[in-house]
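Values reported hereafter were calculated over all heavy atoms of this structure, with side chains retained and with hydrogens, waters and symmetry mates removed. Residue numbering restarts at 1 for every chain, and letters A, B, ... go by the order of the sequence lines.
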Number of protein chains: 2
Amino acid sequence: MASIKDVAAQAGVSVATVSRVLNSHPSVSPDARRRVLAAVEALGYRPNTLARSLRTDQTRTLGLVISDVLNPYFTALARSVEEEARALGYSVIIGNADEQPEQQDHHVRTLLDRRIDGLLVSPADGDSPLLHDVARAGTPMVFVDRWMPGVDVPVVRADGHRAIQDLVAHLYALGHRRLAIIAGPAATTTGNERVEAFRAAMSAHGLALPDAYIGQGDFQAASGRRATEQFLALPQPPEIVFAADNLMALGALDAIRAHGLRVPGDIGLAAFDDIPWFVHTGPPITAIAQPTGELGRAAVRALVDIVEGRPPQSVTLPARLVVRGSCGERSGEPPLPASGPRSNA
Amino acid sequence: MASIKDVAAQAGVSVATVSRVLNSHPSVSPDARRRVLAAVEALGYRPNTLARSLRTDQTRTLGLVISDVLNPYFTALARSVEEEARALGYSVIIGNADEQPEQQDHHVRTLLDRRIDGLLVSPADGDSPLLHDVARAGTPMVFVDRWMPGVDVPVVRADGHRAIQDLVAHLYALGHRRLAIIAGPAATTTGNERVEAFRAAMSAHGLALPDAYIGQGDFQAASGRRATEQFLALPQPPEIVFAADNLMALGALDAIRAHGLRVPGDIGLAAFDDIPWFVHTGPPITAIAQPTGELGRAAVRALVDIVEGRPPQSVTLPARLVVRGSCGERSGEPPLPASGPRSNA
DNA sequence: CTGAAAGCGCTTACAG
DNA sequence: CTGAAAGCGCTTACAG
């Protein structure tokens with residue numbers, strides 16, 4: 001690979017001059033600039049970002065640690081993060097925690113070793129001493145979707161309280177009383193909050209949420225399967241299962257189908273997170289939609305604000321209920337759920 | 001951030017000695033090693049990979065450019081790539097082309113600027129002069145899933161011919177004669193090959209594939225929607241639509257539903273790529289499954305072979321047909337498709 | 001076993 | 001406007 005020296009030699013100038021034209025420093029003669037550009041072109045020269053970053057102490061790179069790449073929610077989040085970052089002149093490196101704290105920390109460390117300018121993380125289960133240290137050390141950082149109490153960094157997330165209230169009201173109106181939830185890990189904020197919001201909303205309707213109706217999941221499909229199996233083995237199974245994310249809803253569907261049961265006739269299903277496939281399941285799944293794109297963009301803006309020395313802003317956006325047929329219909333059998341075309345983005 | 005100098009000072013040795021213990025060079029006295037390790041611990045020292053890579057001219061990182069992060073197939077591929085790479089001591093940086101050649105080239109350049117040791121790419125539509133250059137320049141590279149003719153690098157991919165023959169035989173046996181395909185971009189190998197395999201298989205049954213039954217898609221959902229709309233507007237619409245990837249199948253479903261039609265009663269659907277949701281759609285979707293995890297792992301092994309100076313191997317793995325209900329049933333209405341629990345990985 | 005020194009490819013005061 | 005030189009944080013012959 002051609003280095004800046006080669007370019008300098010070919011252009012007949014010093015490396016300092018080459019560097020100046022590369023960084024569009026004003027004081028370069030038109031002639032020198034021309035010769036340098038020609039040499040760059042001729043040699044197919046590309047600056048070595050490692051060397052540049054080592055010298056300038058900035059990488060113009062953001063790290064993003066997501067909880068699970070197989071989860072369409074995080075994948076959509078990653079996409080919007082990357083777009084916004086690029087628009088602001090940064091690139092992003094993604095790490096997949098796979099819902100495992102050790103793997104999360106592994107990626108955080110790797111990212112830090114690469115000297116990223118800032119870190120976006122959606123913390124996996126449990127507390128991470130490492131993340132505390134990182135924040136304390138002053139590394140620019142923001143939490144997205146999930147956050148860790150006691151770590152003083154901006155948080156960008158969706159608030160599902162209202163949507164969960166709407167969901168419970170919807171279920172209540174349909175006549176359902178035995179509502180169960182498949183929760184995420186208690187140590188994650190989204191795991192915890194969704195259960196508590198669900199419990200509070202039920203309580204507002206005079207309904208209790210017995211322990212047997214709280215399935216312990218980990219946001220991955222297999223756990224949704226297991227929790228649903230347990231619900232179905234109960235003497236009095238729930239009428240509705242609310243999965244705290246889309247993958248656990250997938251697992252729930254697997255279990256329901258394996259038992260030869262029908263949704264919503266035998267048991268109803270609702271999910272947190274809305275994904276394009278929910279329109280096409282049999283029946284379509286009632287879900288709570290997050291403004292995923294907005295979250296990703298706001299998170300990047302907050303992080304870049306910190307990196308560039310501006311005051312960052314925590315952002316909380318509302319989630320919203322999307323009623324479909326998976327918990328039963330208010331009025332008999334519908335001829336055909338005529339939902340229009342749906343964007344994939 | 002503490003640097004190697006700080007560690008050296010704290011341990012009372014030279015930076016050379018610190019470097020030696022960090023790289024487990026044999027000739028270091030036990031005492032020096034102990035003091036260095038203590039200093040590392042005390043300072044929370046982490047080597048700066050930028051500096052190390054600049055010096056050693058290797059980054060121990062692989063670049064992966066996938067066609068679309070929103071496509072579960074690529075997301076699964078990315079996951080297996082990352083796992084295998086980690087097992088071999090490499091980390092990977094992912095770039096999302098979003099099916100756009102310019103964005104692909106952008107990521108290839110960014111990755112190269114970071115001096116990755118090798119590049120894994122699934123080329124987007126069209127020819128990329130850049131990729132030709134990269135290969136010619138001797139950068140370790142392998143194609144995965146899709147490849148570009150004329151670029152002499154190993155290819156790791158699935159062969160769908162046999163599975164497509166099986167699919168057509170299945171459709172034929174069900175009595176279907178008017179088969180349509182939603183193709184990927186003609187310039188992608190997977191776009192092209194799947195159409196040709198489909199055409200050949202039909203021809204073996206004495207069936208023609210009229211141009212009107214070839215929808216031009218781009219592997220993304222919206223194009224599947226558009227192509228299906230066009231099929232449905234035909235005087236004689238097809239009986240079956242075969243989508244060349246899962247996202248276009250999603251789009252097809254959107255269009256079919258928007259028209260108030262039923263699968264398979266009004267029109268049948270099959271897809272290349274199998275994803276967990278296909279089990280739960282109404283009805284479950286007949287699909288061609290790729291050995292995605294295997295592909296990702298084989299691609300990494302081939303790339304690392306090149307990087308480390310061993311002879312690499314191209315790999316072609318068979319895809320296989322998974323028959324479900326979306327093209328009709330051989331024998332009346334089944335009581336319940338009793339598919340067992342399904343792994344998400 | 002250990003350290004001084006060179007050098008990887010850049011950027012950026014400093015002097016002219 | 002331009003170049004020589006220092007220095008970012010490492011690694012690695014070289015000499016001892």
Side-chain angles (χ1 to χ4, degrees), chain A residues 1-40 43-61 109-117 137 139, chain B residues 1-40 43-61 89 109-117 139:
Chain A
M1 284 236 138
S3 85
I4 196 172
K5 273 188 200 166
D6 302 314
V7 177
Q10 168 115 0
V13 298
S14 73
V15 297
T17 296
V18 176
S19 178
R20 288 196 188 95
V21 351
L22 258 26
N23 294 289
S24 21
H25 185 100
S27 48
V28 179
S29 70
D31 182 54
R33 177 181 313 280
R34 205 173 309 119
R35 298 217 307 282
V36 168
L37 260 18
V40 164
L43 297 170
Y45 170 73
R46 303 233 88 213
N48 183 329
T49 50
L50 300 175
R52 173 178 288 175
S53 294
L54 180 60
R55 184 54 234 253
T56 61
D57 203 37
Q58 53 157 310
T59 51
R60 292 245 119 200
T61 303
R109 257 186 282 264
T110 301
L111 258 7
L112 258 24
D113 290 349
R114 287 182 194 278
R115 298 305 190 263
I116 50 162
D117 291 341
T139 305
Chain B
M1 285 238 138
S3 84
I4 197 172
K5 274 187 197 164
D6 302 313
V7 177
Q10 169 113 0
V13 297
S14 71
V15 298
T17 296
V18 175
S19 177
R20 288 195 189 94
V21 351
L22 258 25
N23 295 289
S24 19
H25 185 101
S27 49
V28 179
S29 71
D31 183 54
R33 178 182 311 280
R34 204 174 308 118
R35 298 217 306 282
V36 167
L37 260 17
V40 164
L43 296 171
Y45 169 73
R46 301 234 91 212
N48 182 329
T49 50
L50 300 177
R52 171 177 289 175
S53 294
L54 180 60
R55 184 53 232 253
T56 61
D57 202 37
Q58 54 158 305
T59 51
R60 291 245 121 203
T61 103
R109 258 186 282 265
T110 301
L111 257 7
L112 258 23
D113 290 349
R114 287 182 193 280
R115 298 303 190 263
I116 50 162
D117 292 340
T139 304

| said: Between B:Leu50 and A:Thr59, does the side chain to side chain contact (heavy atoms under 4.5 Å, CB included) criterion hold? Intermediate values first, please. | reply: CA-CA 10 Å; B:Leu50 300 177; A:Thr59 51; 4.0 Å; yes
| request: I would like to know whether A:Arg46 and B:Leu112 meet side chain to side chain contact (heavy atoms under 4.5 Å, CB included); could you show each step before the answer? | output: CA-CA 9 Å; A:Arg46 303 233 88 213; B:Leu112 258 23; 6.0 Å; no
| field | Pair B:Ser19-B:Ile4, side chain to side chain contact (heavy atoms under 4.5 Å, CB included): steps then yes or no | value | CA-CA 8 Å; B:Ser19 177; B:Ile4 197 172; 4.0 Å; yes
| Trace of the side chain to side chain contact (heavy atoms under 4.5 Å, CB included) decision for A:Val13 with A:Val21 | CA-CA 11 Å; A:Val13 298; A:Val21 351; over 6 Å; no
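A heavy atom closer than 4.0 Å to some atom of DNA chain D occurs in B:Ala16, B:Ser19, B:Arg20, B:Asn23, these being the qualifying members of residues 16-31 of chain B.
Within 4.0 Å (heavy atoms only), B:Arg52 reaches sugar-phosphate atoms of the nucleic acid but no base atom.
Counting heavy atoms from C-beta on, the side chains of B:Asp31 and B:Arg34 come closer than 4.5 Å.
For the pair B:Asn23 (side chain) and B:His25 (backbone), a donor-acceptor distance under 3.5 Å is absent. Between the B:Arg114 side chain and the A:Thr49 main chain, no donor and acceptor come within less than 3.5 Å of each other.
For B:Val28 against B:Arg20, the heavy-atom pair with the smallest separation is CG2-CB, 3.6 Å.
Shown here is B:Asp57, whose CG atom has no more than 12 heavy atoms of other residues, nucleotides or ligands within 6.0 Å.
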| request: Represent DNA chain C in dot-bracket notation, 5' to 3'. Only Watson-Crick or G-U wobble pairs with both distances under 3.5 Å count; pseudoknot-style crossings use [ ] and interstrand partners use |. | output: |||.||||||||.|||
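The outermost nucleotides of DNA chain C lying under 4.0 Å from heavy atoms of chain B, listed 5' to 3', are C:dC1 to C:dG9.
Residues A:Asp113 and A:Arg109 are not paired through a salt bridge, judged by the lack of any N-O separation under 4.0 Å between the basic side chain and the carboxylate.
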